[in-house]
Amino acid sequence: MPASATMIGALLGLGTQMYSNALRKLPYMRHPWEHVLGMGLGAVFANQLVKWDAKLQHDLDDMLDKAKAANERRYFGM
């Protein structure tokens, strides 16, 4: 999963930079270092998004387990 997130993020960053240049009617590869920077930032963003989603899922599972245990104590643990 990290490799695909990295590739998707890199393509997102590259596409954003090329779209920005196209909107301003500049050559697509005007400053190549901006494309590299965009790809790096896109890759970091996508990887952080995957980490955040996994942490969010884990936290949600913990909260649901606690709620289930509280309900079982309330209704069945007299």
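Nothing fancy with the numbering, it's 1 onward along the sequence. Everything numeric in this text was worked out from a predicted model, so none of it was measured.
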Atom pair NE2 (His31) and CG (Leu26), whose distance is rounded to the nearest 0.5 Å:
8.5 Å
Less than 4.5 Å apart, any side-chain heavy atom of Gln17 and any of Leu41?
no
If you group Ile, Leu, Val, Met, Phe, Trp and Tyr by side-chain heavy-atom gaps below 4.5 Å, do Val50 and Leu56 land in one group?
no
Rounded distance [0.5 Å steps], NE2 in His58 versus CG in Asp62:
4.5 Å
What one should report as the nearest heavy-atom pair of Ala46 and Gly9 is CB-CA, 3.7 Å
Does any N or O in the side chain of Thr16 come within less than 3.5 Å of the main-chain N or O of Leu12, such that one atom is a donor and the other an acceptor?
yes
Are the side chain of Asn47 and the backbone N or O of Ala43 linked by a donor-acceptor pair below 3.5 Å?
yes
Will you find, in the side chains of Gln57 and Asp61, an N or O donor that is under 3.5 Å from an N or O acceptor?
yes
Remaining members of hydrophobic cluster (4.5 Å side-chain criterion), Tyr19
Leu23
If you measure from CG on Asp65 to CG on Leu60, what distance do you get to the nearest 0.5 Å?
9.5 Å
Single-linkage hydrophobic cluster Met39~Tyr28, side-chain heavy atoms < 4.5 angstrom:
yes
